[in-house]
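To keep things clear, I will list the structure first and then write my remarks on it.
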Amino acid sequence: MKSEPDLFGIDDLKNRPGRTEPWDGVRNYQARNYIRDELKKGDLAFFYHSNCKIPGIVGVMAVADSPSPDTTAFNKSSKYYDPKSDPASPRWLQVTMRYKRKLKRTITLEELRSHKVLGKMKLLQRGNRLSIMPVTSKEWEYILTLE
DNA sequence: GCCAACGTTGGC
DNA sequence: GCCAACGTTGGC
């Protein structure tokens, strides 16, 4: 799961009360579908810093609840307001994420790209812009051995 | 700051 | 339904 450290980084999550944060504002259908279909309470996720000097994986977090409607879509004063999301049939979903730990070091995008076995990772696919995407268990375990 | 890649919008 | 125009993402 990507986030821009200038806006909300791993330390921001760590410093939140309860070390949790609602992951709202996702406005991409594919990412929405991953929230809806793939995320279960207790699942682990990498925290990825994007759009910054050294993009890469910086930590581990966990899904803290079940997916629920993203109510920022109904809030006219929210930057995530979406008039097409009907409260009776919410278009966008969110999930709460809980801080687990920081990696001992950042595993940079550049480093991830240098490992041939990770070549199929969604994150590394050309042109990928998804903010939420699956990691296979093999990829997960391999990446943690790099730490 | 540039720009490739991608998603969305809206005219037709 | 097509596709040009536009907006966004995000690495570099």
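Scope of the values below: all heavy atoms of this structure, side chains included, with no hydrogens, waters or symmetry mates. The sequence lines fix the lettering, A, B, ..., with proteins before strands; numbering per chain opens at 1.
- Using a 4.5 Å cut-off on side-chain heavy atoms (C-beta onward), A:Arg129 and A:Asn28 make no contact.
- As rounded to whole Å, 19 Å separates atom P of B:dA5 from atom NZ of A:Lys122.
- Whole-Å rounding puts the A:Arg32 CZ to B:dT8 P distance at 10 Å.
- Nucleotide B:dC6 holds its C1' atom 19 Å from the CZ atom of A:Arg27, rounded to whole Å.
- Distance alone, capped at 3.5 Å, places no donor-acceptor pair between the A:Arg36 side chain and the A:Leu93 backbone.
- Residue A:Arg126 has no polar side-chain atom (N or O) positioned under 4.0 Å from OP1 or OP2 of B:dA4.
- Proximity of residues 75-91 of chain A to DNA chain B (heavy atom under 4.0 angstrom from any strand atom) is restricted to A:Lys84.
- For the pair A:Trp92 CH2 and B:dG7 P, the interatomic distance rounds to 12 Å; values are reported in whole Å.
- Here the C1' atom of nucleotide C:dT9 and the CD atom of A:Gln30 are 14 Å apart, to the nearest Å.
- Contact annotation: A:Tyr29 does not reach the phosphate of B:dC6 (side-chain N/O to OP1 or OP2, under 4.0 Å).
- Backbone-only contact: A:Leu130 has heavy atoms under 4.0 Å from sugar-phosphate atoms and none from a base.
- Each of A:Gly127 and A:Asn51 was assigned the nucleotide of DNA chain B with the nearest heavy atom; the assignment lying further toward the 5' end belongs to A:Asn51.
- Residue A:Glu4 contributes atom CD, which lies 12 Å from atom C1' of C:dG11 at whole-angstrom precision.
- Spacing between atom CE of A:Met133 and atom P of B:dC6 amounts to 13 Å, rounded to whole angstrom units.
- For A:Lys102, the salt bridge (charged side-chain N to carboxylate O under 4.0 Å, His left out) partners two or more places apart in sequence, or in a different chain, are A:Asp11.
- Between A:Tyr34 and A:Met1, every side-chain heavy-atom pair lies at or beyond the 4.5 Å cut-off.
- Atom OG1 of A:Thr20 is separated from atom CG of A:Asp65 by 8.5 Å, given to the nearest 0.5 angstrom.
- The closest side-chain heavy-atom distance from A:Tyr99 to A:Ile10 is below 4.5 Å.
- Residue A:Asn28 contributes atom CG, which lies 10 Å from atom P of C:dT9 at whole-angstrom precision.
- At least one side-chain nitrogen or oxygen of A:Lys2 sits closer than 4.0 Å to the OP1 or OP2 atom of C:dG10.
- For the atom pair A:Tyr48 OH and A:Leu112 CG, the distance stands at 7.5 Å (nearest 0.5 Å).
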